[in-house]
Protein chains: 2
Amino acid sequence: MAKESSAPVHRKTTLSDIAAGCGVSRATVSLVLRGSPLVNQRTRAKVEEELRRQGYVYNRAAANLRRRTSSSIALVVNELANPFFAEFAAGVDEALGEAGFVTLLGSTGESAQRQQAVLGSLVEHGPGGIILSPAEGSEVREVLSAVGSHTPVVLFNRELGGRLPASSHWDRLMLDNERGTRMATEHLIAHGHRRIAFFGGHDDASSSRDRYAGYAKAMQAAGLPIAPHWRVESKPTRTDAVAAAHALFQGEPKPTAAVCYNDAVALGLMLALHQRGLQPGRDFALTGFDDIAEAALSMPPLTTLSTAPRARGRQAAELLLSRLQDPQASARAIVAPVELVVRESSRTLS
Amino acid sequence: MAKESSAPVHRKTTLSDIAAGCGVSRATVSLVLRGSPLVNQRTRAKVEEELRRQGYVYNRAAANLRRRTSSSIALVVNELANPFFAEFAAGVDEALGEAGFVTLLGSTGESAQRQQAVLGSLVEHGPGGIILSPAEGSEVREVLSAVGSHTPVVLFNRELGGRLPASSHWDRLMLDNERGTRMATEHLIAHGHRRIAFFGGHDDASSSRDRYAGYAKAMQAAGLPIAPHWRVESKPTRTDAVAAAHALFQGEPKPTAAVCYNDAVALGLMLALHQRGLQPGRDFALTGFDDIAEAALSMPPLTTLSTAPRARGRQAAELLLSRLQDPQASARAIVAPVELVVRESSRTLS
DNA sequence: GGTTACATTTGGATCGTTCCAATCAGCGGA
DNA sequence: TCCGCTGATTGGAACGATCCAAATGTAACC
């Protein structure tokens with residue numbers, strides 16, 4: 001059992017109070033609440049009046065206990081303050097809300113350890129399912145031990161390390177990372193770039209590996225070599241990217257363009273370029289990934305790959321909801337397409 | 001009762017299973033789970049082994065039902081995708097998680113009607129309290145009828161319309177809106193501006209009225225008149241602001257600077273200025289409010305008021321948690337200070 | 001009037017936990 | 001031997017809802 005904590009709750013009015021208040025049984029009130037056609041019009045009206053009068057609020061926890069059901073879904077993301085995940089979460093919550101579910105929020109801060117704690121705490125609340133965007137470096141084994149094999153899971157955005165047992169069918173919703181960076185790289189090549197770096201992200205995350213792979217394939221297909229120092233890793237945050245960026249220019253030959261892991265590190269790279277006296281979009285071309293709102297507003301506006309995170313959120317929710325409908329259906333794996341959005345940051349050399 | 005929806009849940013192992021599995025009573029297992037000093041070391045070890053073996057997960061809902069407590073807090077914000085609220089939510093969730101509570105998420109999309117529905121659905125899950133950033137134009141009466149008078153509420157960011165009954169003490173956490181826009185206005189005046197507009201926001205929101213008041217007071221203190229067409233309202237979003245901005249320039253005399261309701265509308269105004277051939281920061285000065293991440297990256301970087309939304313989130317959570325400790329304490333109202341962050345967008349005329 | 005059919009209502013057990021009073025084992029002292 | 005005491009354990013009733021089989025009332029039919 002995880003850390004325990006609770007708040008006292010004032011005495012609320014219950015089914016029995018209503019029943020007593022208008023001279024029927026608890027069972028009847030329950031039927032009224034659930035809109036059963038069995039109850040007589042007259043008693044229904046009487047009960048509803050009493051419900052209003054006493055200000056009754058339904059206790060879903062008690063109902064769920066008895067019915068052995070759940071009306072909540074846990075959503076675990078890396079970092080809510082990241083606009084990509086914020087949009088995603090907004091989409092999830094929207095779709096879940098429409099379906100009558102409530103969202104339990106958890107945030108891991110990219111730590112596999114914290115993810116364990118958060119999952120542990122969330123499952124105790126008995127969610128009907130979990131939407132998980134895994135922290136970097138987390139393993140199937142860990143997650144499985146935290147959530148058990150009976151709660152449905154939808155994985156978003158990243159794969160987990162390790163192999164999933166055949167018994168538990170988890171659905172996945174991934175972005176077409178490889179295709180995205182391939183398009184971005186081809187775009188840069190088409191604009192005349194030959195020395196193109198891949199910047200940011202950490203290779204123990206599957207999304208980072210995939211994005212690198214797309215870049216590498218495009219380079220290979222064009223017959224272009226990749227210098228080792230053109231691959232610079234960083235945390236997927238702007239601040240970390242600024243610090244890491246200078247490594248790009250330590251060796252020869254220097255790159256003239258970079259495909260970045262995501263928009264955050266691309267924006268960080270832009271800052272670092274300014275610090276070095278290079279003007280992004282003129283002296284150096286770069287592309288991002290995610291198309292967060294800031295991408296259109298940066299200086300210069302950032303060429304990037306649009307992932308429509310809000311739509312992805314809705315999609316993840318729908319994936320989970322349909323899994324709840326049919327727990328035995330075979331696992332689905334959706335790869336959502338991404339779209340290249342060309343802006344000023346990649347308009348050099350052409 | 002709100003819209004009903006639920007997912008079937010697989011048979012989980014319970015206290016009784018554990019008890020049967022190692023030949024003790026349910027009560028003893030329960031004591032072990034809660035770390036009671038009453039149980040003997042030997043039986044404790046035996047029980048803990050069995051818990052591990054069967055992969056037991058604690059059912060907090062059942063426990064909360066019996067103990068008449070709650071271990072969740074509902075967080076209702078206007079729009080998660082707004083970075084200000086995303087940061088705020090991250091702060092809330094962080095602090096609640098540390099205290100062993102879980103966050104129930106709800107989002108209103110600035111609609112008082114939807115807020116009612118969301119609150120209705122959330123209270124059925126029996127949160128220990130609610131952190132609410134009210135939708136524009138929502139009333140005490142509505143909220144009270146949705147949440148009842150026994151669930152503690154922390155209001156953030158905006159006041160509700162109407163008067164709160166003395167019986168229910170709701171805490172508040174507001175930003176020092178008036179002081180913020182006063183500082184921004186004084187800053188613009190100090191840089192030589194005389195014709196300063198107030199742009200964006202809607203006056204049925206208390207935060208908007210307060211920010212306008214700060215602006216008006218600074219103008220008045222400096223003996224500067226305010227032309228009626230210098231007050232242009234808009235929804236607090238970038239897109240709506242772009243459309244509304246042109247009204248600023250319909251009458252004479254035209255303003256040379258604007259204090260904006262928040263960063264989103266300021267960024268929208270920047271776009272509109274560009275469309276009119278004016279360069280913000282050179283031909284026209286403006287300030288925002290919130291200091292969202294984009295503010296530092298816009299072109300030019302935006303002078304704004306920093307509200308530290310993540311810290312505010314933690315603060316709101318702490319306010320609620322201490323209320324749970326002492327439900328009878330008198331209501332607290334905190335006005336968080338804001339800080340003027342001067343960047344390029346306000347550097348004209350000086 | 002008695003039987004059947006139908007529409008409505010209901011008592012009591014139940015979900016998984018906690019609380020409480022009661023029980024039990026073991027031991028030392030009178 | 002009996003008593004009281006301490007430490008450990010336990011059965012059964014609750015929490016607030018739902019489920020189910022059974023009971024009730026009414027009308028219809030022969």
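Since the model is a prediction, treat every value here as computed from it, not as a measurement. Naming convention: chains lettered A, B, ... in sequence-line order (proteins, then strands); numbering from 1 in each chain.
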Verify, without hydrogens or angle tests, whether A:R66 (side chain) and A:A62 (backbone) share a donor-acceptor contact under 3.5 angstrom.
no

Those residues that, when tested against A:L160, pass side-chain contact (heavy atoms from CB on, under 4.5 Å) (two or more places apart)
A:P134, A:S138, A:V140, A:V143, A:L155, A:W170

By salt bridge (charged side-chain N to carboxylate O under 4.0 Å, His left out), which residues pair with A:R323, not counting sequence neighbours?
A:D171

Phosphate oxygens OP1/OP2 of C:dT10: is one of them under 4.0 Å from a side-chain N or O of A:T28?
yes

Do any side-chain atoms of residues 19-28 of chain A form donor-acceptor pairs under 3.5 angstrom with protein atoms, and if so which ones, sequence neighbours left out?
| from | atom 1 | to | atom 2 | distance (Å) |
| --- | --- | --- | --- | --- |
| A:S25 | OG | A:A27 | N | 3.4 |
| A:S25 | OG | A:T28 | N | 3.3 |
| A:S25 | OG | A:T28 | OG1 | 3.2 |

With a 4.0 Å cut-off on N to O distance, would you call B:R114 and B:E79 a salt bridge?
no

Chi angles and distances behind the side chain to side chain donor-acceptor pair (under 3.5 Å) call for A:R312, A:Q315
CA-CA 5 Å; A:R312 297 290 86 76; A:Q315 201 171 9; 2.7 Å; yes

Give the rounded distance in Å between these two atoms: OH of A:Y58 and C1' of D:dG16.
10 Å

Between A:G23 and B:S16, which is nearer to the 5' end of DNA chain C once each is assigned its nearest nucleotide?
A:G23

State which residues pass side-chain contact (heavy atoms from CB on, under 4.5 Å) with A:A89; sequence neighbours excluded, sorted by chain then number.
A:L75, A:L80, B:L80

So does A:E98 pair up with A:R314, basic N to acidic O under 4.0 Å?
yes

Just how far, in rounded Å, is P of C:dC15 from CG of A:N59?
18 Å

Those residues at least two apart in sequence (or on a different chain) that pass salt bridge (charged side-chain N to carboxylate O under 4.0 Å, His left out) with A:R52 are A:E49

Protein-nucleic acid N or O pairs under 3.5 Å, nucleotides 22-28 of chain C:
none

Round to the nearest Å and state the distance from A:L31 atom CG to C:dA7 atom C1'.
13 Å

Contacts of A:E142 meeting salt bridge (charged side-chain N to carboxylate O under 4.0 Å, His left out) (sequence neighbours excluded), chain-then-number -> none

Rounded distance (Å) that lies between atom P of C:dG16 and atom CZ of B:R60:
17 Å

Applying side-chain contact (heavy atoms from CB on, under 4.5 Å) to B:A205 and not counting sequence neighbours gives B:E136, B:R158, B:S207, B:S208

Nearest-angstrom distance from the residue atom CG of B:L65 to P of D:dA17:
9 Å

Compare every heavy atom of B:L320 with every heavy atom of B:P152, then report the nearest pair and how far apart it is.
CB-CD1, 4.0 Å

Salt bridge (charged side-chain N to carboxylate O under 4.0 Å, His left out) filter on B:E139, not counting sequence neighbours, yields none

Candidate nucleotides D:dT18, C:dT10, C:dT9, ranked by approach to the side chain of A:L38 - the nearest
C:dT9

Work out how much the helix from C:dG1-D:dC30 to C:dA30-D:dT1 bends between its end axes, five pairs an end, to the nearest 10 degrees.
80°

How many whole angstroms separate atom CG of B:L15 from atom P of C:dT17?
4 Å

Look at A:S25 and C:dT10 and indicate whether a side-chain polar atom (N or O) is within less than 4.0 Å of OP1 or OP2.
yes

For DNA chain C, which residues of residues 39-55 of chain A approach it to below 4.0 angstrom with any heavy atom?
A:V39, A:N40, A:T43

In B/S/- notation, 5' to 3', how is nucleotides 19-25 of chain D contacted by protein heavy atoms closer than 4.0 Å?
B------

Going from OG on B:S71 to CD on A:E124, what distance comes out if it is rounded to the nearest 0.5 angstrom?
8.5 Å

